[in-house]
Amino acid sequence: MPRALGSTSARLAVLLFAAIFIPTLAMLAFMQLISARALGDEERALVREMREELLADYDSAGARGLAASIQQRVELDPSSETVLAVVARDGRITAGNMTRLPSPLPRSGWFERRLPRAGHDAPELVRFEVTSLPDSSRLVAGHFQSSADALRRANARGLLMAALLAAPLALGLTFMLLRLVERRVSRIAHIAGQVGSGDLSRRVASDASGDAFDRLGQALNTMLERIETLVGELRLVTDGLAHDLRSPITRLQAALEQARAASGPGRLAALDAARAEAVGLHALLATALQITRAEAGIGRDRFRPVPVKAVLGDVAEIYGPLAEEQGFTIAVAAPEGLEVLGHRELIGQALGNLVENALHYAAGGSAIRLAGRRAGKTVVLEIADNGVGIPAERRGEALSRFGRLDPARHIAGSGLGLALVTATARLHGGTVALADARPGLLVRITLPAD
């Protein structure tokens, strides 16, 4: 029970009940106050009007005229709720329907007292206004507050009835709202539980309302899609590593066996072959680690403004001699001042991988072009060759991890070059696309400019 009462649902229920019940009672109490004040103002105005009429009689006919006017009012309506009296200097009542004076009686102004009334058991509240007259007597004009008392009693009963009705209604509405909230949360929790059990294909249904729960569901779906993609890529990595590591490890074992059995120059050659295989394995694992780190978002803390032309020039300078040996030329085209916010080393390595791919796989080609340009709010980096290119239907396979098209199977490599390019672009919030360079392959990397 203590845990249930301390739960979020319990706190939300209390908050909802208070938000419904308290304003309802506050509004009713305010209406009661306003109505009582309006009735009081009306009765005060009635007393003041009666006092003004009596003072007019006093001004025109003196004390005798005032007493006669009061007596006439009392005789015409003996059961009236009006209270009238003229109090002489010595405190005697010389006219009116009051039998005794409230004590103490002020010289002037408004005051309230409870006085007995004929035909009623309990004293009732009377509101008076006392006016001093020129002859040192005082005019007392008042009115029984029976209507105000009746209104207060009616309002109290109404407030009680409203509370008795509002409480169950507020509880019912609170329960309905909580059920609605818990139902939506339970659906999301159910999907999360199924995903936790291994079913990564589950998604939260969207009602297209755009409310907080719908946005939460969409965010959860986006996260699940990302998780499913990463798990799928992890499976590909596992399968790819298991497949692609088998041959170099076998060759490494064979080279080590040859080195063990050989002597003289043959042993050195076998050791050199084993070393080359170990270097290849190290490069494969290092590239796979870089891809994993990039997809995990590691490296964003090292983002700095990167001059595009300088990076393209560095890549051309590094790979220029190798390209010349293989019969390729490398050209760079980018405007001055073009920058992108990013990780310079990763961008440079991604561009280097693309140049290496062109050198290895662009059969029949002779030129590689590195270009950068601004397109709206993005910066586009393009690496093109004039080789054989990749058919459109196989470009998606080429972008996948360990994706090596059949003609390239005889060439040493890991199939992670384009995967690293894709991971680097994704780390920077960009995309990678393959297109036809006519002839050859065009790799287009689109990155945010700011």
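Every value quoted in this text rests on a predicted model; they were computed, and no experiment measured them.
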(message) Taking Gly365's backbone N and O only, do any of them form a donor-acceptor pair with Asp385's side chain (distance below 3.5 Å, no angle check)?
(response) no
(request) Check whether any side-chain N or O of Arg215 sits under 3.5 Å from a backbone N or O of Gly217 as a donor-acceptor pair, and report yes or no. (result) no
(message) Give me the atom names and distance for the closest heavy-atom approach of Gly142 to Met50.
(response) O-CE, 3.9 Å
(request) State the CZ-OG distance between Arg202 and Ser197, to the nearest 0.5 angstrom. (result) 11.0 Å
(message) Which heavy atom of Phe128 sits nearest to which heavy atom of Trp110, and what is that distance?
(response) O-CE3, 2.9 Å
(request) State, yes or no, whether a side-chain contact exists between Ile445 and Val380 at a heavy-atom distance under 4.5 Å. (result) no
(message) Does anything in residues 315-326 form a side chain to side chain donor-acceptor pair (under 3.5 Å)? List the pairs, not counting sequence neighbours.
(response) Tyr319-Glu356
(request) Could you note down all residue pairs passing side chain to side chain donor-acceptor pair (under 3.5 Å) where residues 428-446 supplies at least one of them, sequence neighbours left out? (result) Glu382-Arg444
(request) Working to the nearest 0.5 Å, report the span between OH of Tyr361 and CD1 of Ile390. (result) 10.0 Å
(request) Rounded to the nearest 0.5 Å, what's the gap from CZ on Arg183 to CD1 on Ile188? Could you check? (result) 13.5 Å
(message) Using the side-chain contact (heavy atoms from CB on, under 4.5 Å) definition, which of the options Asp314, Ile368, Leu312, Val308 pairs with Val332?
(response) Leu312
(request) Return yes if a side-chain donor-acceptor contact under 3.5 Å exists between Gln349 and Asn353, otherwise no. (result) no
(request) Can you measure from CG (Leu447) to OG1 (Thr378) and round to the nearest 0.5 angstrom? (result) 8.5 Å
(message) With a 4.5 Å cut-off on side-chain heavy atoms, are Ile347 and Val340 touching?
(response) yes
(request) Please report the closest heavy-atom contact between Gly372 and Leu338, naming both atoms and the distance. (result) C-CD2, 3.7 Å
(request) Kindly give the heavy-atom pair with the smallest separation between Pro335 and Lys309, and that separation in Å. (result) O-CB, 4.2 Å
(request) For Glu112, check salt bridge (Lys or Arg N to Asp or Glu O under 4.0 Å) against everything at least two apart and list the hits. (result) Arg127
(message) Within the 4.5 Å heavy-atom criterion, are Glu129 and Arg44 side-chain neighbours or not?
(response) no
(message) Is there a side-chain contact between Leu354 and Leu370 in this structure, where contact means two heavy atoms from C-beta onward sitting under 4.5 Å apart?
(response) no
(message) Treating Asn386 as the side-chain partner and Gly440 as the backbone partner, does any N or O pair qualify as donor plus acceptor under 3.5 Å?
(response) no
(request) Check Phe328 against Ala362 and note the closest heavy-atom contact, atom names and distance. (result) CZ-O, 3.6 Å
(request) Kindly indicate whether the side chain of Arg426, heavy atoms from C-beta on, has any atom under 4.5 Å from the side chain of Thr422. (result) yes
(request) Nearest 0.5 Å please: distance from the CD1 atom of Ile383 over to the CZ atom of Arg369. (result) 9.5 Å
(request) Decide yes or no on side chain to side chain contact (heavy atoms under 4.5 Å, CB included) for Arg187 and Val204, but give the supporting numbers first. (result) CA-CA 8 Å; Arg187 291 199 195 106; Val204 179; 5.9 Å; no
(request) Give, for atom CZ of Arg48 and atom CZ of Arg51, the distance between the pair rounded to the nearest 0.5 Å. (result) 5.5 Å
(request) For the residue pair Val311 and Arg344, establish whether any side-chain heavy-atom pair is separated by less than 4.5 Å. (result) yes
(message) If we ignore hydrogens and angles and just use 3.5 Å, is the side chain of Thr82 paired with the main-chain N or O of His143 as donor and acceptor?
(response) no
(message) Looking at every non-hydrogen atom in both residues, tell me the closest pair between Glu339 and Val379 and how far apart they are.
(response) O-CG2, 3.6 Å
(message) A side-chain contact here means heavy atoms from C-beta on lying under 4.5 Å apart; do Leu341 and Val306 qualify?
(response) no
